[in-house]
Student: 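Have a look at this one.
Side chains included, hydrogens not; waters and symmetry mates left out as well; all remaining heavy atoms used.
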Amino acid sequence: MKLILLILIVSGYVIADGQSSDNNGVWWVYFTDRGPDLENRLALKSVELIDSPSFERRISAGLFEADELDLDPWIDYVENVASLMPSGSVRTASRYLNAVSVCTSSDDIDRIKNLPSVDRVSPVSISTFQPPVFYPIMGTTSGLTSFQLSQIHMDDLHERGWTGQGVVIGVLDSGFNLTHIVFQQINVILQYDFINDDNDPSQQSEDPPGQSDHGTAVLSLLGGYCKDTFSGGVPDASFILAKTEDISDEYQAEEDYWVQGLEWVEENGADMVSNSLGYIDWYTYADMDGNTAVTTIAADAAASRGMPVFSAVGNRGPDSGSLIAPADGDSVFAVGAVDVMGNVAQFSSRGPTYDGRIKPSACALGENVVLAYLGETEYSFSNGTSFATPLAASAAGAIHQAHPEWSMMEIIDILEITALNADSPDNDTGYGILNAFSALKYRSLTGSVRLSYSGAFLPYYPLTIIMGDSTYTIETNQSGWFAFCPGELGSFSINDCGGDGIVIPVSGTLEEAGLEVQVFVNQTTGYESPSVYPNPSTGDIYIGFDMMNGPNDVSMTVYDLLGQTVHSSIRNAIGPGSFRAPLPGEAFFWNGLDDKGEPAASGIYIILLKIGEATHLIKFALAR
C-alpha cells in the first residue's frame with residue numbers, strides 16, 4: 001500500500017479499482033533493473049526494516065540486511081509506463097517481481113514494451129477457482145472437527161496446549177465473514193480488501209453472491225473455535241487477512257492482487273501463509289518448474305524472507321503433473337487431499353513438477369471436511385485441497401509456537417520427514433499424511449511439569465536442560481507442557497531452574513525420534529499429610545508421603561470396606577525427604593490388582609500408611 005500512495009503523490013495517476021473495461025486487458029510489465037543509487041537505497045531500506053514487524057522473522061531466516069526484493073520498482077520507470085497509458089492505469093506494484101500490473105489496451109502495451117527500462121510484458125493470469133459445494137450438517141453435535149484434527153495428530157498438540165498462540169498467519173482468499181460463532185474469539189490483527197481497495201474483506205454490496213464463502217470456510221479451519229463443538233487447527237493464533245480473489249465472471253485476473261496481498265502480509269510480520277488459491281491460466285505443464293509462474297516466483301521470494309507459503313496443490317487430479325501454481329515452488333509446501341481412510345482423493349492434483357520434484361509435499365483431510373462459512377451457528381462439510389491446506393498450515397503454526405527455536409523453513413522440512421510415507425514419497429500424496437505429533441517431538445525433549453502430590457500441571461515453570469557441555473533454560477507453556485530441540489542428541493538431564501519447589505531430576509538419552517518425559521516438582525515444605533493420586537482412580541494409584549526423620553520403614557496396606565486386605569507393600573530404611581511423585585523410588589505405587597493378580601472391584605478402599613511410628617488412614621475410590 002505504501003508504494004501505491006507514493007505513486008499517487010508523485011505522478012498524479014490513479015490506481016485502478018480492479019475492474020477492467022471491455023477493451024482493456026491486465027498485463028505485467030517487468031523492468032530491466034532496480035534503478036539508480038542502488039547501494040544507498042538498500043542501506044536506507046535496511047535501517048527502515050529494523051523497526052518493521054517482519055524484522056525478527058527475517059533475522060531467523062539469516063536475512064540481516066535489505067536486498068533487492070525489498071525495494072519497490074523505481075518510481076521513474078513506473079511513471080514512464082503510466083505516461084503511455086492514456087486510457088489505462090497502474091493496478092499494483094511488486095517488489096518481488098520488480099514489476100507493475102497495468103490495466104490498459106494492446107496498443108498501449110505495444111508502446112510500453114519498447115521502453116528501454118522495460119524487460120518484458122505478459123498477461124496477468126486468472127485463478128482456477130471453482131466455488132465449492134457445501135453440504136449442510138443437520139443439527140449440532142460435539143466434536144465435529146475431531147477426526148480431521150486427529151488424522152494429522154493435531155489433537156495431541158492441542159492436549160498439550162500448542163494451539164498457535166503467538167504465531168501470525170496470513171490468509172489469502174476470496175473474503176472473510178466473521179459473523180459465525182466460531183469467530184467470536186478470533187484475533188485478526190490486520191485485514192484488507194485488495195479487490196475493492198478498502199479495509200473490509202467481508203461480503204460487500206458490490207460483490208457477487210458467495211464472494212466470501214470460500215475464504216470464510218478456510219479461515220474457520222485455521223482459527224475457528226466453539227467449545228466442545230468445533231475447533232480449527234490454531235484457534236489461538238493471530239491472523240492477517242487479504243481478500244485477493246474476485247469470483248465474478250465479469251473480471252478474470254487476480255494473480256497480481258495475490259502477489260500484492262502476499263507482499264503486504266509479509267511486510268506486516270506474518271510468520272507463514274495459508275493459501276487455497278491457485279493459478280494455471282496461461283501456463284502449461286512446462287511452466288510448473290518452480291521458476292516460471294508469477295505466483296510461484298512470489299511465493300519463493302516470500303520464503304526467502306522466512307515466510308513460507310502453504311498452498312493447495314489443486315483439484316485437477318488424478319493425472320500426473322496436474323498441479324497448479326504456486327504449489328510447484330521450490331520452497332512452497334504443497335498440500336494434497338486424502339479421504340477418511342487415508343487414501344488420496346481422486347480430485348487431488350498430482351506431481352511431479354516439470355523438473356521432476358515430488359509434489360505434493362504432504363497431505364491432510366480434503367474429503368468431507370467439516371467447516372463453518374454461513375450464518376452464525378450452522379456447519380457444513382465440503383471437499384477440496386483448499387480445505388486440506390489450512391489443516392496442514394495449522395500443524396506448522398502449532399509447532400512454531402512449541403519450537404520458536406526452529407525457523408519456519410526448518411518446520412517445513414521436519415513436517416515432510418516425519419509424515420506417514422517419509423521413507424517412500426511419491427507424487428500422489430508426497431511424503432504422506434502429516435503427523436504433527438511426530439514433528440513436534442523430532443530430535444526434541446518434550447513433556448510436562450506437574451506437582452508431585454496431585455499431578456496438577458505447572459504453567460510457565462522454568463527448567464534447566466543439560467547436554468554435555470551445553471546448558472539450556474526453558475519454560476513450560478500456559479498448560480504446563482514444554483518442547484525444546486537442543487540441536488544435538490545424546491545424554492541429558494533436566495533439573496531445577498529457580499522455580500517454586502524442588503524438581504525431581506530426570507535423565508535419559510535423546511534420539512532422533514525425540515522423547516517425551518514427565519517432570520515432577522515437590523512443593524511441600526516440611527511434613528504434610530499423605531496424598532493419593534489420582535482419586536478417584538481407574539487403576540494405577542500413587543500414595544505420596546513426607547519423611548521428616550530417618551531412616552525409617554514405611555508400609556502401605558489397602559483394605560476393602562469389609563476389612564479384608566487387598567494389597568500390601570513395604571519399603572525399608574527410607575531417609576528424610578518428600579516421596580510424592582509417581583516415579584520409581586518416590587510415591588508408593590499400586591496397580592489396582594489384588595495380591596492374587598486380579599483387578600480389584602470398583603468401590604471405596606482404605607489405605608493404612610505407617611511411617612515409622614506414625615499411622616495414617618486414607619480413603620479413596622476405585623472406579624472401573
Student: Using a 6.0 Å cut-off, check whether atom CZ of Phe457 has over 12 heavy atoms from anything other than its own residue.
Tutor: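 Atom CZ in Phe457 is crowded, with more than 12 foreign heavy atoms closer than 6.0 Å.
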
Student: Please check if any side-chain donor atom of Gln260 sits under 3.5 Å from a side-chain acceptor atom of Thr244, or the reverse.
Tutor: no

Student: First locate atom OH of Tyr279, then atom OG of Ser125, and finally report the distance between them rounded to the nearest 0.5 Å.
Tutor: 8.0 Å

Student: Quick check against the 3.5 Å criterion: does Ser150 have a side-chain atom that pairs as donor or acceptor with the backbone of Phe147?
Tutor: yes

Student: If I compare all heavy atoms of Ala364 with all of Ile152, which pair ends up nearest, and what's the gap?
Tutor: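 Smallest heavy-atom distance, with atoms named: CB-CG2, 4.0 Å.
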
Student: State whether the side chain of Lys441 and the backbone N or O of Ala513 hold a donor-acceptor pair below 3.5 Å, judged by distance alone.
Tutor: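 The answer is no, because no donor-acceptor pair under 3.5 Å joins these two groups.
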
Student: Please find the pair of heavy atoms, one from Cys226 and one from Val182, that lie closest to each other, and give the distance.
Tutor: CB-CG1, 4.2 Å

Student: Look at the side chain of Asn343 and the backbone N and O of Asp339, then say whether any donor-acceptor pair between them is shorter than 3.5 Å.
Tutor: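 Between the backbone of Asp339 and the side chain of Asn343 there is no qualifying donor-acceptor contact (under 3.5 Å).
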
Student: Is there a side-chain contact between Tyr192 and Leu241 in this structure, where contact means two heavy atoms from C-beta onward sitting under 4.5 Å apart?
Tutor: no

Student: Of the options Glu405, Glu410, Glu512, which is the one that meets Arg443 in a salt bridge (charged side-chain N to carboxylate O under 4.0 Å, His left out)?
Tutor: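 That would be Glu512.
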
Student: I'd like to know if Glu266 pairs up with Arg57 as an ion pair, taking the criterion as any Lys NZ or Arg NE/NH1/NH2 lying under 4.0 Å from an Asp or Glu carboxylate oxygen.
Tutor: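 Yes.
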
Student: Could you walk me through whether Thr429 and Ile433 pass the side-chain contact (heavy atoms from CB on, under 4.5 Å) test, one step at a time?
Tutor: CA-CA 7 Å; Thr429 63; Ile433 299 171; over 6 Å; no

Student: Which residues pass the salt bridge (Lys or Arg N to Asp or Glu O under 4.0 Å) test with Asp271, sequence neighbours left out?
Tutor: none

Student: Enter the distance from Ser311:OG to Leu277:CG here, rounded to the nearest 0.5 Å.
Tutor: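 The distance works out to 8.0 Å.
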
Student: What residues form a salt bridge (Lys or Arg N to Asp or Glu O under 4.0 Å) with Arg316, not counting sequence neighbours?
Tutor: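 Salt bridge (Lys or Arg N to Asp or Glu O under 4.0 Å) check on Arg316 returns nothing, list empty.
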
Student: Considering only NZ, NE, NH1 and NH2 on the basic side and carboxylate oxygens on the acidic side, decide whether Arg350 and Asp426 come within less than 4.0 Å.
Tutor: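 Judged by the 4.0 Å cut-off on N to carboxylate O distance, Arg350 and Asp426 do not form a salt bridge.
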
Student: Starting from the C-alpha separation in whole Å, work towards a yes-or-no answer on side-chain contact (heavy atoms from CB on, under 4.5 Å) for Phe134 and Leu371.
Tutor: CA-CA 9 Å; Phe134 296 104; Leu371 43 80; 3.7 Å; yes

Student: For Glu511 and Leu489, indicate whether the former's side chain and the latter's backbone hold a donor-acceptor pair under 3.5 Å.
Tutor: no

Student: Is it true that, when you exclude Glu488 itself, more than 12 heavy atoms of the residues, nucleotides or ligands shown sit nearer than 6.0 Å to its CD?
Tutor: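 Yes, because the 6.0 Å sphere around CD of Glu488 holds more than 12 heavy atoms from other groups.
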
Student: Has Glu159 got more than 12 heavy atoms of other residues, nucleotides or ligands less than 6.0 Å from its CD?
Tutor: yes

Student: How long is the gap from CE on Met409 to CE on Met307, to the nearest 0.5 Å?
Tutor: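 Answer rounded to 0.5 Å: 11.0 Å.
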
Student: Determine yes or no for a side-chain-to-main-chain donor-acceptor pair under 3.5 angstrom, with Ser386 supplying the side chain and Ser276 the backbone.
Tutor: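 At least one qualifying donor-acceptor pair exists.
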
Student: Taking Asp328 for its side chain and Gly290 for its backbone only, find out whether a donor-acceptor pair lies under 3.5 Å.
Tutor: yes

Student: Salt-bridged, Arg160 to Glu516, with N to O below 4.0 Å?
Tutor: yes

Student: Could you tell me which non-hydrogen atom of Asn427 sits nearest to which non-hydrogen atom of Pro352, and how far apart they are?
Tutor: OD1-CA, 3.3 Å

Student: Within this structure, what is the OG-CZ distance for the pair Ser60 and Phe55, rounded to the nearest 0.5 Å?
Tutor: 11.0 Å

Student: Listing request: all side chain to side chain donor-acceptor pair (under 3.5 Å) pairs with a residue in residues 362-378, at least two apart in sequence or in separate chains.
Tutor: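 Checked against side chain to side chain donor-acceptor pair (under 3.5 Å) - neighbours excluded - no pair reaches residues 362-378.
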
Student: Output all residues satisfying salt bridge (Lys or Arg N to Asp or Glu O under 4.0 Å) with Asp236, sequence neighbours left out; order by chain, then residue number.
Tutor: none

Student: Would you please test Asp246 and Ser248 for side chain to side chain donor-acceptor pair (under 3.5 Å) and show each step?
Tutor: CA-CA 6 Å; Asp246 188 332; Ser248 69; 2.8 Å; yes

Student: Pair up each side-chain donor or acceptor in residues 165-172 with any protein partner under 3.5 Å, not counting sequence neighbours, and list the distances.
Tutor:
none

Student: Under 4.0 Å between a side-chain nitrogen and a carboxylate oxygen: does that hold for Asp300 and Arg305?
Tutor: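 No, Asp300 and Arg305 are not salt-bridged.
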
Student: Check step by step if salt bridge (charged side-chain N to carboxylate O under 4.0 Å, His left out) holds for Asp330 and Arg357.
Tutor: CA-CA 9 Å; Asp330 297 342; Arg357 287 173 290 113; 3.2 Å; yes

Student: Heavy atoms only: give me the nearest Ile189-Ser238 pair and the separation to one decimal.
Tutor: CG2-CB, 4.1 Å

Student: Which heavy atom of Leu149 sits nearest a heavy atom of His158, and at what distance?
Tutor: CD1-CE1, 4.0 Å

Student: Measuring from atom CD1 of Ile494 to atom OG of Ser507, what distance do you get when rounded to the nearest 0.5 angstrom?
Tutor: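 Answer for the CD1-OG pair, Ile494 versus Ser507, is 9.0 Å.
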
Student: Please confirm whether the backbone N or O of Gly329 pairs with a side-chain atom of Lys359, one donor and one acceptor, at under 3.5 Å?
Tutor: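 Side chain of Lys359 to backbone of Gly329, a donor-acceptor pair under 3.5 Å: yes, one is there.
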
Student: Does any N or O in the side chain of Thr385 come within less than 3.5 Å of the main-chain N or O of Ser348, such that one atom is a donor and the other an acceptor?
Tutor: no

Student: Using side-chain contact (heavy atoms from CB on, under 4.5 Å), reason through Glu475 and Leu463 one step at a time and then give a plain yes or no.
Tutor: CA-CA 6 Å; Glu475 186 179 79; Leu463 295 172; over 6 Å; no

Student: Answer yes or no: is there a side-chain heavy-atom contact under 4.5 Å between Ile399 and Ile414?
Tutor: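 Not in contact.
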
Student: Please name the pair of heavy atoms, one in Pro459 and one in Gln478, separated by the smallest distance, quoted to 0.1 Å.
Tutor: CB-O, 3.3 Å

Student: Go through the steps for Met154 and Ser394 under the test side-chain contact (heavy atoms from CB on, under 4.5 Å), then give the verdict.
Tutor: CA-CA 8 Å; Met154 281 297 292; Ser394 293; 4.2 Å; yes

Student: Is the backbone of Thr353 close enough, under 3.5 Å, to the side chain of Tyr285 for a donor and an acceptor to pair up by distance?
Tutor: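 Yes, Tyr285 side chain to Thr353 backbone: donor-acceptor pair under 3.5 Å.
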
Student: Taking Tyr460's backbone N and O only, do any of them form a donor-acceptor pair with Thr476's side chain (distance below 3.5 Å, no angle check)?
Tutor: yes

Student: With salt bridge (charged side-chain N to carboxylate O under 4.0 Å, His left out) as the test, would you mind laying out the steps for Asp207 and Lys243 before giving the verdict?
Tutor: CA-CA 12 Å; Asp207 290 335; Lys243 181 178 176 180; 2.6 Å; yes

Student: So, do Ile240 and Gln191 sit near enough that their side-chain heavy atoms are less than 4.5 Å apart?
Tutor: no

Student: Side chains of Asn421 and Ser424 only: does a donor on one sit below 3.5 Å from an acceptor on the other?
Tutor: no

Student: What distance do Leu178 atom CG and Thr216 atom OG1 have between them, rounded to the nearest 0.5 Å?
Tutor: 7.0 Å

Student: Quick one: are the ring centres of Phe194 and Trp258 less than 6.0 Å apart?
Tutor: no

Student: Can you pull the ring-ring contact (aromatic ring centres under 6.0 Å, His included) pairs that have at least one residue in residues 374-433, sequence neighbours excluded?
Tutor: Tyr135-Phe381, His180-Tyr379, His214-Phe387, Phe230-Tyr379, His403-Trp406

